Amino acid sequence: RPSFDRLLRDAKNREFTIVLCKTQNRFLRDLEAVEEIIHGKFLEWGIRFISLLDGADTAIAGNKKSRQIHGMIDEWYLEDLSQNIREVFKTKMEDGQFLGSFPSYGYMKDSDNRHKLIIDEEAAKVVRKINSLYLKGYGTHKIAKILTKEGIEKPSVYMKRKYDNFYIPNVSEYNLWGHTTINRILRNPIYIGTLTQGKETTLSYKDKRKIAVDEEDWVVVEDNHEGIISEKDFYEVQRLLDSKRRNKKKEGKTHIFATKVRCLHCGGAMVRSTTRSRQYDNLVYAYLKCKNHELGGDLVCKYRNRINYTDLYDYVEAEFIRVMGIYESNPDALDTTTRQIRKVDYTEETRKLVSALQIVEGDSKIKAKVLTNLYIDKAKGIVSDEDYLTISFTLQEEREQLELRKKDIKAKIDEVKKLENEKADVKKVVKDYLKSHKLTHEIVNETIDYIEIGAKEDGENRVINIYWKL
């Protein structure tokens, strides 16, 4: 409530002395907030609170109990309203009405009834293809590679194109299918007409944090809508998936450059892989390769970019010794050396993120204003209670999507600022290195922001850029 927050700021600054409302509940309905603001902050700031219809007036002795009683009644009303909304939504779920903001990939909302799911044929073809390929013996990794190579939009990209306000935080901008997405589609019973809702809820009407609901309490409605996959094929896929499930988890430590190495050409991560030499007693060789090229071939990255792990280690260690040597031998040259090595432009990164945050906050304010006007129309009888509940639910979900984006962007801003302020303790780093005369994950993490690896082309040296935290 931006305007409410502005009112509190102005009250704190003593820009007025009276807050006048029609009724107390038009100002606050939460009893805790009534105590904190009306009986606390307003008293501290010298602000008189008056409501016309229910007679609240902080200047009248003995009026406090009346205000508290009104606050309790208003809070009971909110609790009852919240419970009624939950019951209405549960009844709608049990009736097979879809209540989400966005339908599952392969479906869309009926234009005549937005609580009914109908098949989105464009995406449904892909769902059928995935199931067909799996039944033919293709694994989830192979299917992901096939879809990526054919240029088929992955669900998040497709949904973003189809819905303007669709958002999922931390999703790759590249159109690369992953085996987890394939597995999720193969496992989802929505594709045989079974609608499952109510998997999570909020703690209370005061606390909007999401909590998981026990599976036995989910609302499951079978034969609710037209299926995309036949039940016979679906359950055969489940049998095959269950038979291939691995119970053992891979063990082992991550390499010292994990999350630090990027492909110079596409910006994607370079991941570690191993191979055995048949010529030299099955010796295992480790190397890093461009993940985007591995998954999508030439569609995302045209370079078959890979580097021997030992070669990368040797290069980074040599550069580390060179840079640390300059710092150690000439402490006065810190600024000069820092300007000579590669660093990230954190100021520009922050500017871009702040600009994106302002756009999201603007959209959020618009949604809040629409929700406020909707409530006023309900109070005037222009909008029915049922329509209000339905529309407000959709608006709230859209606002939650925007809040997710705001949270994600703010976290990125904090991370950039943290990185900008991080300076490697050169003496400590050198001391740690001299203990074993080798690089460790801790040393790399403290001194290096990221490393760019270029492909090795005929007749040319490979480009390796190290961006230091110095």
Side-chain angles (χ1 to χ4, degrees), residues 1-86 201-211 357-358 360-380 388-389 392-393 395-397 399-400 402-404 406-407 409-411 413-414 417:
R1 299 168 63 183
S3 297
F4 184 81
D5 293 336
R6 183 164 59 86
L7 181 146
L8 292 182
R9 286 196 301 270
D10 292 345
K12 186 177 181 180
N13 294 331
R14 275 75 169 182
E15 295 189 19
F16 49 80
T17 57
I18 295 177
V19 172
L20 181 65
C21 293
K22 180 180 179 182
T23 60
Q24 181 175 297
N25 62 22
R26 296 302 296 270
F27 184 69
L28 286 171
R29 284 184 174 173
D30 189 319
L31 184 59
E32 292 177 10
V34 169
E35 289 297 320
E36 179 188 358
I37 296 174
I38 296 180
H39 298 153
K41 292 181 178 179
F42 280 3
L43 184 65
E44 176 187 345
W45 299 335
I47 303 295
R48 179 182 178 185
F49 177 81
I50 302 173
S51 62
L52 297 176
L53 297 187
D54 46 22
D57 189 344
T58 53
I60 299 176
N63 192 253
K64 184 176 180 180
K65 289 181 180 179
S66 174
R67 295 193 299 273
Q68 289 174 327
I69 291 171
H70 282 299
M72 290 175 62
I73 293 172
D74 292 336
E75 184 154 339
W76 292 338
Y77 170 78
L78 285 177
E79 290 177 352
D80 290 342
L81 180 62
S82 175
Q83 186 59 37
N84 289 339
I85 290 174
R86 288 174 186 263
T201 186
T202 53
L203 289 170
S204 72
Y205 73 92
K206 292 183 180 181
D207 192 334
K208 297 301 181 183
R209 285 177 296 174
K210 299 286 186 179
I211 56 173
L357 180 62
Q358 289 172 344
V360 172
E361 287 178 336
D363 291 343
S364 184
K365 288 179 181 178
I366 292 172
K367 298 291 183 188
K369 187 174 182 180
V370 172
L371 194 58
T372 300
N373 291 335
L374 179 67
Y375 180 80
I376 294 172
D377 288 344
K378 171 185 171 294
K380 292 179 177 178
Y388 171 76
L389 291 175
S392 64
F393 178 78
L395 286 170
Q396 288 286 11
E397 287 215 327
R399 288 182 69 191
E400 286 175 11
L402 290 170
E403 286 302 317
L404 278 176
K406 283 173 62 177
K407 186 177 179 181
I409 294 172
K410 285 180 178 179
I413 291 174
D414 291 341
K417 289 181 178 178

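In this text, all values refer to a predicted model and were calculated from it rather than measured experimentally. We're numbering straight along the sequence, starting at 1.
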### Query
What is the minimum heavy-atom distance between Ile18 and Ile50, and which atoms define it?
CG2-CD1, 4.2 Å
### Task
Apply side chain to side chain contact (heavy atoms under 4.5 Å, CB included) to Leu43 and list each qualifying residue two or more places apart in sequence or on a separate chain.
none
### Query
When rounded to the nearest 0.5 angstrom, what distance separates CD1 in Ile47 from CG in Asp10?
9.5 Å
### Query
Taking only residues two or more places apart in sequence or in another chain, which ones pass side chain to side chain contact (heavy atoms under 4.5 Å, CB included) with Lys410?
Leu357, Glu361, Lys406
### Pairing residues for Glu44 by the side chain to side chain contact (heavy atoms under 4.5 Å, CB included) criterion, not counting sequence neighbours
none
### Query
Counting only N and O atoms by type, is there a donor-acceptor contact under 3.5 Å from the side chain of Asn13 to the main-chain atoms of Glu15?
no
### Task
Report yes if the side chains of Phe16 and Leu7 come closer than 4.5 Å at any heavy-atom pair, otherwise no.
yes
### Query
Taking Arg14 for the side chain and Lys12 for the main chain, is one N or O donor matched with an acceptor at less than 3.5 Å?
yes
### Considering all heavy atoms, the nearest Thr58-Phe49 contact
OG1-N, 2.9 Å
### Task
Taking the side chain as every heavy atom from C-beta outward, state whether Thr17 and Arg48 have any pair of such atoms under 4.5 Å apart.
no
